[in-house]
Colleague: 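Have a look at this one before I ask anything.
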Amino acid sequence: MVMELILKDNDFLRQFEIAVDDHLATIEYSLQERKIFLTKINIPDEIKDADFQGNFIKAVFENIEERNLSVVPTCPAIAIFIRKNKQYKSLLPVGIKI
């Protein structure tokens with residue numbers, strides 16, 4: 001199943017959001033200087049698409065890249081994603097190794 005993901009940056013709640021049907025998936029963040037700390041990912045159990053999490057993280061990384069920010073993954077799922085997708089290591093700030 002291919003679904004179009006529409007990413008919303010809810011800066012009031014400090015989270016990226018994607019609505020799927022009536023469910024909201026989020027990645028919480030904290031923004032400090034030119035770094036964005038990705039702290040928590042929440043995907044409702046009702047979203048059963050196996051590729052959803054990876055596609056959600058990719059959409060967030062594209063947004064971060066466009067804003068010319070560095071990513072500090074404090075959430076294990078996001079650190080694992082970067083390890084598996086080495087093309088995103090360039091988003092890490094100097095001195096951060098995963």
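In what follows, every heavy atom counts, from backbone to side chain, and hydrogens, waters and symmetry copies are set aside. Just so you know, residue 1 is the first one in the sequence shown, and it goes up from there.
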Colleague: Looking only at atom types and distance, does a side-chain atom of Thr39 sit under 3.5 Å from a main-chain N or O of Thr74, one as donor and one as acceptor?
Modeller: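 A pair under 3.5 Å: no.
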Colleague: With a 4.5 Å cut-off on side-chain heavy atoms, are Val72 and Pro93 touching?
Modeller: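 Yes. Closest side-chain heavy atoms under 4.5 Å.
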Colleague: What's the spacing between Asp49 CG and Asn55 CG if we round to 0.5 Å?
Modeller: 7.0 Å
Colleague: Verify, without hydrogens or angle tests, whether Arg34 (side chain) and Asn68 (backbone) share a donor-acceptor contact under 3.5 angstrom.
Modeller: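 Checking the backbone N and O of Asn68 against the side chain of Arg34, a donor-acceptor pair under 3.5 Å is found.
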Colleague: With a 4.5 Å cut-off on side-chain heavy-atom distances among I, L, V, M, F, W and Y, is there a chain of contacts connecting Ile96 to Val71?
Modeller: yes
Colleague: Among side-chain atoms of Gln15 and Asn10, is any donor-acceptor pair under 3.5 angstrom?
Modeller: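 No, no side-chain donor-acceptor contact under 3.5 Å.
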Colleague: Only counting residues at least two apart or in another chain, list the ones meeting side-chain contact (heavy atoms from CB on, under 4.5 Å) with Gln87.
Modeller: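 With neighbours one apart ignored, the set is Asn85.
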Colleague: With sequence neighbours left out, write down each residue that passes side-chain contact (heavy atoms from CB on, under 4.5 Å) with Lys40, or none if nothing qualifies.
Modeller: Glu28, Asn42
Colleague: Looking at residues at least two apart in the chain, or sitting in another chain, which of them share a side-chain contact (heavy atoms from CB on, under 4.5 Å) with Glu33?
Modeller: none
Colleague: Taking atom OG of Ser70 and atom CG of Leu91, what is their separation to the nearest 0.5 Å?
Modeller: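 So the OG of Ser70 and the CG of Leu91 are separated by 7.5 Å.
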Colleague: Would a single hydrophobic cluster contain both Ile27 and Leu31, if residues Ile, Leu, Val, Met, Phe, Trp and Tyr are joined by side-chain heavy-atom contacts under 4.5 Å?
Modeller: yes
Colleague: Could you give all pairs that pass the ring pair (Phe, Tyr, Trp, His ring centres under 6.0 Å) test and reach residues 69-97, with sequence neighbours left out?
Modeller: Phe61-Phe81, Phe61-Tyr88, Phe81-Tyr88
Colleague: Under the salt bridge (charged side-chain N to carboxylate O under 4.0 Å, His left out) definition, can you give me all pairs with a residue in residues 57-71, not counting sequence neighbours?
Modeller: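 Found Asp9-Arg67.
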Colleague: What is the distance from atom CG of Leu69 to atom CD1 of Ile64, rounded to the nearest 0.5 Å?
Modeller: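 It comes to 7.0 Å.
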Colleague: List for me each residue that meets side-chain contact (heavy atoms from CB on, under 4.5 Å) alongside Leu7, sequence neighbours excluded, and say none if there are none.
Modeller: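 Expected list: Phe16, Ile18, Phe56, Ala59, Val60, Asn63.
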Colleague: Do Leu38 and Ile57 have side-chain heavy atoms sitting under 4.5 Å apart?
Modeller: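 SC-SC contact between Leu38 and Ile57 ruled out.
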Colleague: Do Pro73 and Ile98 come close enough that some side-chain heavy atom pair is under 4.5 Å?
Modeller: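 Pro73 reaches Ile98 side chain to side chain.
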Colleague: Side chain to side chain contact (heavy atoms under 4.5 Å, CB included) with Ile47: which of Val20, Asp21, Leu24?
Modeller: Val20
